[in-house]
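The structure follows.
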Amino acid sequence: HHFDTLDQTDAVKKVRAKTLDLTEFLLDVLQISSLPAKYPHKVGLHQSCHGLRGLHLATSSELVNKPAASKLHELLNMVEGLTLVELDRKDECCGFGGTFSVKEPAISVKMGKDRIRDHFSKGAEVITAGDMSCLMHLEGIISRQNIPIKVIHIAEILNSDEI
């Protein structure tokens, strides 16, 4: 989505045409409607800012005139045994934001702690997302704070066969 600032060579056009988020590929290209996945855990979904506002993988809560939708929710709802927890602030930023976390580390960590608290207070055993940078940021805070919650990429859940 950010390739439009580059010279639109044939190579750039080819990459743009063939590069998708995993959830876009599964739902929009393969058009799957079911998964054989099993994951019997209470899961909190972190909607990353990039996925939410950049890739439009879900409807941002500030868009009150649009129906709520989320590709990640849709896929997680196909997983047997998985319980999605309802967060107070379902699409709040975790504070990573690339260079933001370097330029404003104290704010970044505070934002991450707030996200983790929302998940943990709702009983989530696991936090998932489609964005590895958000997950690494949250997992680092969780590890340093010894919080009993696991962090896992959505692809691992969608491919899980836990009983």
Side-chain angles (χ1 to χ4, degrees), residues 1-39 41 43-87 89-104 107-108 111-112 115-116 118-119 124 126-142 150-162:
H1 291 279
H2 296 286
F3 281 111
D4 55 349
T5 60
L6 300 175
D7 183 28
Q8 297 300 298
T9 64
D10 288 341
V12 169
K13 289 177 186 176
K14 184 177 180 180
V15 168
R16 289 185 78 175
K18 295 185 179 276
T19 303
L20 296 169
D21 177 79
L22 173 65
T23 60
E24 289 177 305
F25 179 71
L26 293 173
L27 292 171
D28 300 342
V29 176
L30 296 182
Q31 298 183 348
I32 66 164
S33 58
S34 65
L35 287 167
K38 296 178 181 141
Y39 195 74
H41 298 283
V43 176
L45 173 60
H46 173 69
Q47 297 274 13
S48 71
C49 294
H50 178 70
L52 189 65
R53 293 173 185 89
L55 298 176
H56 306 290
L57 301 177
T59 306
S60 301
S61 60
E62 65 266 16
L63 301 176
V64 295
N65 294 329
K66 288 196 171 191
S70 168
K71 292 182 186 297
L72 288 87
H73 266 108
E74 189 175 340
L75 287 165
L76 290 171
N77 283 329
M78 294 179 195
V79 178
E80 184 181 329
L82 186 144
T83 303
L84 270 172
V85 300
E86 188 67 32
L87 303 171
R89 296 176 316 273
K90 65 180 183 168
D91 59 5
E92 185 172 284
C93 180
C94 71
F96 184 73
T99 59
F100 177 79
S101 63
V102 174
K103 293 178 181 181
E104 299 289 347
I107 297 170
S108 174
M111 291 172 73
R115 289 308 311 130
I116 294 162
D118 193 12
H119 286 81
V126 175
I127 296 174
T128 194
D131 189 314
M132 280 306 300
S133 59
C134 295
L135 292 176
M136 290 186 325
H137 175 61
L138 295 172
E139 187 171 40
I141 295 168
I142 287 167
K150 186 176 178 181
V151 176
I152 186 170
H153 191 275
I154 191 171
E156 294 177 86
I157 293 174
L158 300 179
N159 193 42
S160 178
D161 63 355
E162 276 193 38

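All values below were derived from every heavy atom in this structure, side-chain atoms included, with hydrogens, water molecules and symmetry-related copies excluded.
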**Report entry** Residue from Thr128, Val85, Ile157 passing side chain to side chain contact (heavy atoms under 4.5 Å, CB included) with Leu45
**Finding:**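 Answer after filtering Thr128, Val85, Ile157: Thr128.
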Report task. Test side-chain contact (heavy atoms from CB on, under 4.5 Å) on Ile32 and Met78 and set out the steps. Result -> CA-CA 10 Å; Ile32 66 164; Met78 294 179 195; 4.2 Å; yes
**Report entry** Nearest-0.5 Å distance, CG of residue Leu76 to NZ of residue Lys71
**Finding:**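 Separation between the atoms: 13.5 Å.
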Query raised in the report: Hey, does Cys94 have a side-chain heavy atom less than 4.5 Å from the side chain of Met111?
Result: no
Query raised in the report: Quick check: does any side chain N or O of Ser101 sit under 3.5 Å from a backbone N or O of Gly97, one acting as donor and the other as acceptor?
Result: no
**Report entry** Note, His137 side chain near Ser108 side chain (heavy atom, < 4.5 Å)
**Finding:**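 Touching, per the 4.5 Å side-chain cut-off.
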Query raised in the report: Are the side chains of Lys38 and Val79 in touch, meaning some heavy atoms are under 4.5 Å apart?
Result: no
Query raised in the report: Are the side chains of Leu26 and Val29 in touch, meaning some heavy atoms are under 4.5 Å apart?
Result: no
Query raised in the report: With sequence neighbours excluded, what pairs up with Ser133 under the side-chain hydrogen bond (donor to acceptor under 3.5 Å, both in side chains) test?
Result: Asp131
Query - With sequence neighbours excluded, residues passing side-chain hydrogen bond (donor to acceptor under 3.5 Å, both in side chains) with Gln8 - result: Arg16
Report task. Hey, could you give me the SG/CZ distance between Cys93 and Phe100, rounded to the nearest 0.5 Å? Result ->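 Those atoms lie 7.0 Å apart.
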Query raised in the report: Quick one: side-chain contact (heavy atoms from CB on, under 4.5 Å) partners of Met136, sequence neighbours excluded?
Result: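 Listed in chain order: Met132.
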Report task. Work out which heavy atom in Leu22 is nearest to a heavy atom in Ala155; give both atom names and the distance. Result -> CD2-CB, 3.7 Å
Query raised in the report: What is the distance from atom OG of Ser33 to atom CG of Leu27, rounded to the nearest 0.5 Å?
Result: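 The distance works out to 9.5 Å.
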Report summary line: Note: Thr59 and Asp91 closest approach over all heavy atoms is O-OD2, 4.2 Å
Query raised in the report: side-chain hydrogen bond (donor to acceptor under 3.5 Å, both in side chains) with His73: which residues, sequence neighbours excluded?
Result: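 Result, side-chain hydrogen bond (donor to acceptor under 3.5 Å, both in side chains) vs His73: Ser70.
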Report task. Check the pair Leu84, Asn77 against side-chain contact (heavy atoms from CB on, under 4.5 Å), reporting the backbone distance first and the verdict last. Result -> CA-CA 8 Å; Leu84 270 172; Asn77 283 329; 3.6 Å; yes
**Report entry** Distance-minimising heavy-atom pair for Arg89 and Asp118
**Finding:** N-OD2, 3.0 Å
Report summary line: Looking only at heavy atoms, the pair that brings Ser48 and Gly51 closest together is OG-N, 3.1 Å
Query raised in the report: What pairs of residues pass the ring-ring contact (aromatic ring centres under 6.0 Å, His included) test when at least one of them lies in residues 10-39, not counting sequence neighbours?
Result: Tyr39-His41
Query - Contact check, side chains of Leu138 and Ile116, non-hydrogen atoms, under 4.5 Å - result: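 The answer is yes; the side chains approach within 4.5 Å.
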Query raised in the report: So, the side chain of Thr9 versus the backbone of Val12: is there a donor-acceptor pair under 3.5 Å, distance only?
Result: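 Side chain of Thr9 to backbone of Val12: a pair is present.
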Requested in this report: Any chance you could measure Glu80, atom CD, to Asp161, atom CG, to the nearest 0.5 Å?
Outcome: 11.0 Å
Query - Qualifying residue for side chain to side chain contact (heavy atoms under 4.5 Å, CB included) with Ile127, from Val43, Ile142, Ile152 - result: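 Among the candidates, only Ile142 passes.
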Query raised in the report: Taking only residues two or more places apart in sequence or in another chain, which ones pass side-chain hydrogen bond (donor to acceptor under 3.5 Å, both in side chains) with Thr23?
Result: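 Once residues adjacent in sequence are excluded, the partners of Thr23 under the side-chain hydrogen bond (donor to acceptor under 3.5 Å, both in side chains) criterion are Asp21.
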Report summary line: Between His46 and His119, the two heavy atoms sitting closest are N-NE2, 3.9 Å
